[in-house]
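Below you'll find the structure, written out as C-alpha cells, and then a few comments.
Only this structure's heavy atoms are used, side chains among them; waters, hydrogens and symmetry mates stay out. Counting from 1, the numbers follow the sequence of the chain as shown.
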Amino acid sequence: MNGMAAALALLPTFGAAIGMGFATSKAVEATARQPEASGKINSILLLGLALTESTAIYGFVTALLLIFV
C-alpha cells in the first residue's frame, strides 16, 4: 500500500519535468526571436524553473516519507 501511495506522490515530478521542458523550449524560441532580450528571458526562465523544481522536490520528499516512515 505504501508503494502505491509513494508512486502517486511522485506524479508531480513528471508534471514538473514536462513543464520544465516546455518552458525551456519557449525560452529558446523567445531568445531566437529577440536576442537582445536574452538576459531578461534567462532570468525569468531561471525563476520559473526554480519554482517548478520545488514542486518536484516536494513530491519526492513526500514519497520518501511515505516509504520510510
Side-chain angles (χ1 to χ4, degrees):
M1 190 67 174
N2 282 345
M4 175 139 348
L8 288 175
L10 286 175
L11 284 178
T13 59
F14 297 118
I18 292 169
M20 290 170 74
F22 185 72
T24 304
S25 72
K26 291 298 180 179
V28 169
E29 282 182 23
T31 303
R33 289 182 183 171
Q34 292 182 335
E36 66 275 1
S38 65
K40 191 170 186 177
I41 294 168
N42 191 24
S43 63
I44 293 172
L45 172 67
L46 290 178
L47 178 65
L49 290 179
L51 293 173
T52 306
E53 186 67 25
S54 68
T55 303
I57 290 171
Y58 289 142
F60 180 66
V61 169
T62 303
L64 286 178
L65 286 173
L66 286 171
I67 291 172
F68 294 114
V69 176

Residues Leu66 and Ala9: closest non-hydrogen pair is CD1-CB, 4.1 Å
Residues 56-69 vs salt bridge (Lys or Arg N to Asp or Glu O under 4.0 Å), sequence neighbours excluded, gives none
All heavy atoms of Thr31 vs all of Ser38, minimum pair found to be CG2-CB, 3.7 Å
Note: with side-chain heavy atoms under 4.5 Å as the link, the other cluster members for Leu45 come out as Met20, Leu49
Note: Ala56 and Thr13 closest approach over all heavy atoms is O-CG2, 3.3 Å
Output for pair (Asn42 CG, Leu47 CG), nearest 0.5 Å, gives 11.5 Å
Residues 33-47 vs salt bridge (Lys or Arg N to Asp or Glu O under 4.0 Å), sequence neighbours excluded, gives none
Under a side-chain separation threshold of 4.5 Å, the hydrophobic residues clustered together with Leu10 are Phe60, Leu64, Ile67, Phe68
Sorted by chain and number, sequence neighbours left out, side chain to side chain contact (heavy atoms under 4.5 Å, CB included) with Leu65 holds for Val61, Val69
Here the pair of heavy atoms bringing Pro12 nearest to Leu8 is CD-O, 4.0 Å
The salt bridge (charged side-chain N to carboxylate O under 4.0 Å, His left out) partners of Glu29 (sequence neighbours excluded) come to Lys26
